[in-house]
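Take a look at the structure set out below.
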Amino acid sequence: ELFARCAGIIGADVGHSRCGHLEEPLLSEWHVAIHSRGRLVLCSTAPAGAFRIATTLRQMLAKAPSVSFAQRLKALPAFVLEDWPAHSWRGLQLDCVRHFMPVEFIKRYLHAMSYYKANVFHWHLTDDQGWRLNIPSRPKLVGTNQWSPEFYTADDVREVVEFAASLFIDVLPTIETPGHGLAALAAYPELACAGGHFDIPKTRIGTYTSIMCVGKTELEEFAADVFMEVARLFPFPFVHVGGDEVPTTTWEQSETVLAFAKKLRLGNLGPDILEAWFCYLSTLLGKLNRTIVMWDDHFTAREFTVTRPCPDAEANWVVQTWKLQPPVGTWDSSQVSRAFPFRSIASPTKVAYLDYPIAAIDFNVTLRWRLHAPGARTLGGCANMWTEDSEPKDVPGKVFPRYLGIIDRLWGGIVEDIASGRPTGELRGLSEDGGPARALDQMMRPAAISHCGSEGPLRRMFGFDCGKLELTVKGRNPLWARAAVSTSMKGYGAAFGPEKAVDDDRESYFWAVCPGIGE
């Protein structure tokens, strides 16, 4: 009905809406633009939709910025543009712990996100290497940033949150618990099961075994202080509490954890303790009108190892899936399984980890991403930009152009080929079965090249220089032209063989299984 009324405003006869039945939150971003006989009308059901169509028009008219808006609009052919998102959660993460990201850079990052219709900024604020969010009731936390002392004040957070809101982006804070918490343990050693001194690593080397001691009253009080301040600063009704890479050795050796397990009649000192921790945080955040989000590590074996599940967990928890091992994901660990009963945010390492080099994830890989199997409870997805090896100047070239492919799948979904009814996926213009991809898919590559060009919006509007679309191997590096290459190590795969160590592309590499360790 709104589509017809919109067309009627300028007397255009353009048929009917193609969106079918939409519900919130997708409905709030639905929009239509109709250009006919020199007249343009824009319609939406909510301000978010109006903002999205304004963004699309900016992209359509960006090729001649020196010409007036009216002239550029007049040059456009007649068109009907009706659009809406495939997924309500279209995220992009930024790790601001391993390398600090100034507020000015974050605002440019957010601006670029909004230009491509992303709507959730995952702000990674705490980890082993530092604690970047000031908590007034816990002043020692930000004092542990010994490698780079910067942190975000309440005013910084308000500036970021308000700027993001003006772009219709929500900000999801991530406070890592109970692992990835060395910075917190260094500030408050009483949060650990044992030990009175904790060193802060400059960068990440493996997974650290020192974790927060679930069962201690001190930890519960600490969590209450931290998350009360987080809820005060961040209006988004979701809070990420971490939960990945939690080695339970210290719990298994702790009398405190053992007593806690006996009190709750838990069956083990690993998965049951982590379940109890998530349950506590879920209750704590629920009282603050917030929903808990956590990584998917705990859920691979949860069904078989947790003896006392948290009541109503499936209704109350949201899981960000990065490992995607069954039963969370499908056999190839790239899609959320329809059997996974939790609401989820898809972030597979094989597609959405933008700190990975081009040799592992290139632009073509992002275009083939299918977030979930049909019927899965997936809210959407998020690409992650970890910064162990990246300063602010390095981030844009890793995020773009690969995020352009990812956000296209988050907004537009997988394009179904009309003739075969099967999804298309491009690898240099080819579909998954080797045939030609649809024209809509083929347009993605030149569009990415255009957006990354010297006159493209990424450089002109945001000052971001893109990385490469894929490897450009032409042969051996001249230095190694006559070298013999051999190894006793077992290679990870053909795409990362020993020959990759000596070719002429700096971003290709040899990847092997470590002898004696198996990793």
Side-chain angles (χ1 to χ4, degrees), residues 1-88 90 110-119 163-169 404 407-413 415 418 438-453 455-462:
E1 180 185 354
L2 181 56
F3 182 95
R5 287 166 54 195
C6 190
I9 292 173
I10 59 172
D13 182 10
V14 291
H16 59 276
S17 171
R18 296 176 179 269
C19 76
H21 178 69
L22 279 183
E23 296 181 351
E24 294 293 358
L26 301 181
L27 181 61
S28 66
E29 295 190 276
W30 174 92
H31 54 263
V32 61
I34 302 172
H35 183 234
S36 177
R37 292 175 292 183
R39 305 181 71 191
L40 173 70
V41 61
L42 311 178
C43 297
S44 66
T45 61
F51 184 82
R52 304 298 177 213
I53 186 58
T55 300
T56 299
L57 284 175
R58 288 176 66 196
Q59 293 178 359
M60 293 171 66
L61 300 173
K63 291 189 175 181
S66 60
V67 180
S68 72
F69 178 85
Q71 289 175 305
R72 281 179 279 166
L73 184 62
K74 189 175 181 180
L76 289 176
F79 66 84
V80 177
L81 194 160
E82 184 184 20
D83 206 2
W84 63 93
H87 302 283
S88 62
R90 305 181 300 280
L110 289 166
H111 198 181
M113 286 176 63
S114 76
Y115 194 72
Y116 297 105
K117 300 185 176 70
N119 68 342
F163 184 75
S166 73
L167 302 170
F168 291 87
I169 294 174
L404 301 182
I407 191 62
D408 187 70
R409 291 318 181 215
L410 294 176
W411 176 272
V415 179
I418 296 174
R438 285 189 62 198
L440 182 60
D441 288 333
Q442 291 175 326
M443 290 168 60
M444 283 298 299
R445 185 180 183 85
I449 293 172
S450 172
H451 278 248
C452 286
E455 296 300 317
L458 285 165
R459 177 177 290 182
R460 180 169 49 82
M461 295 176 62
F462 315 119

Any side-chain heavy atom of Pro457 within less than 4.5 Å of one from Gln59?
no
d(Gln71 CD, Leu61 CG) to nearest 0.5 Å is 12.0 Å
Restricting to non-hydrogen atoms, name the atom on Cys6 and the atom on Leu42 that form the minimum distance, rounded to 0.1 Å.
SG-C, 4.2 Å
Would you say Arg445 and Ile449 make side-chain contact, with heavy atoms under 4.5 Å?
yes
Inter-residue atom distance Arg409.CZ - His87.NE2, 0.5 Å rounding:
10.0 Å
Could you label the plane-to-plane angle of the His111 and Phe462 rings as parallel, tilted or perpendicular, counting under 30° as parallel and over 60° as perpendicular?
perpendicular
Arg18 and Glu82: which non-hydrogen atoms are nearest, and at how many Å?
N-OE1, 2.9 Å
Do Tyr116 and Leu410 come close enough that some side-chain heavy atom pair is under 4.5 Å?
no
Contact summary for Cys43 and Val41, nearest pair of heavy atoms:
SG-CG2, 4.0 Å
Tell me the closest heavy-atom pair linking Ile407 and Leu404, and the distance in Å.
CG2-O, 3.4 Å
Quick check: does any side chain N or O of Ser28 sit under 3.5 Å from a backbone N or O of Ala46, one acting as donor and the other as acceptor?
no
What's the separation between atom SG in Cys19 and atom NE2 in His31, rounded to the nearest 0.5 Å?
11.5 Å
Write down the atom of Leu27, the atom of Thr45, and the distance for their closest heavy-atom approach.
O-OG1, 2.6 Å
Less than 4.5 Å apart, any side-chain heavy atom of Tyr115 and any of Leu458?
no
Note, Arg37 side chain near Ile10 side chain (heavy atom, < 4.5 Å):
no
So which of Asp83, Asn119, Leu57 actually passes side chain to side chain contact (heavy atoms under 4.5 Å, CB included) with Arg52?
Asn119
Are Phe51 and Ser44 side-chain neighbours, meaning at least one heavy-atom pair lies under 4.5 Å?
no
Do His16 side-chain atoms and Ala4 backbone N/O form a donor-acceptor pair below 3.5 Å?
no
Glu1, CD: over 12 other non-hydrogen atoms inside 6.0 angstrom:
no
Do the non-hydrogen side-chain atoms of Glu29 and Arg90 ever get within less than 4.5 Å of each other?
yes
Does the side chain of Trp84 come within less than 4.5 Å of Leu26's, by heavy atoms?
no
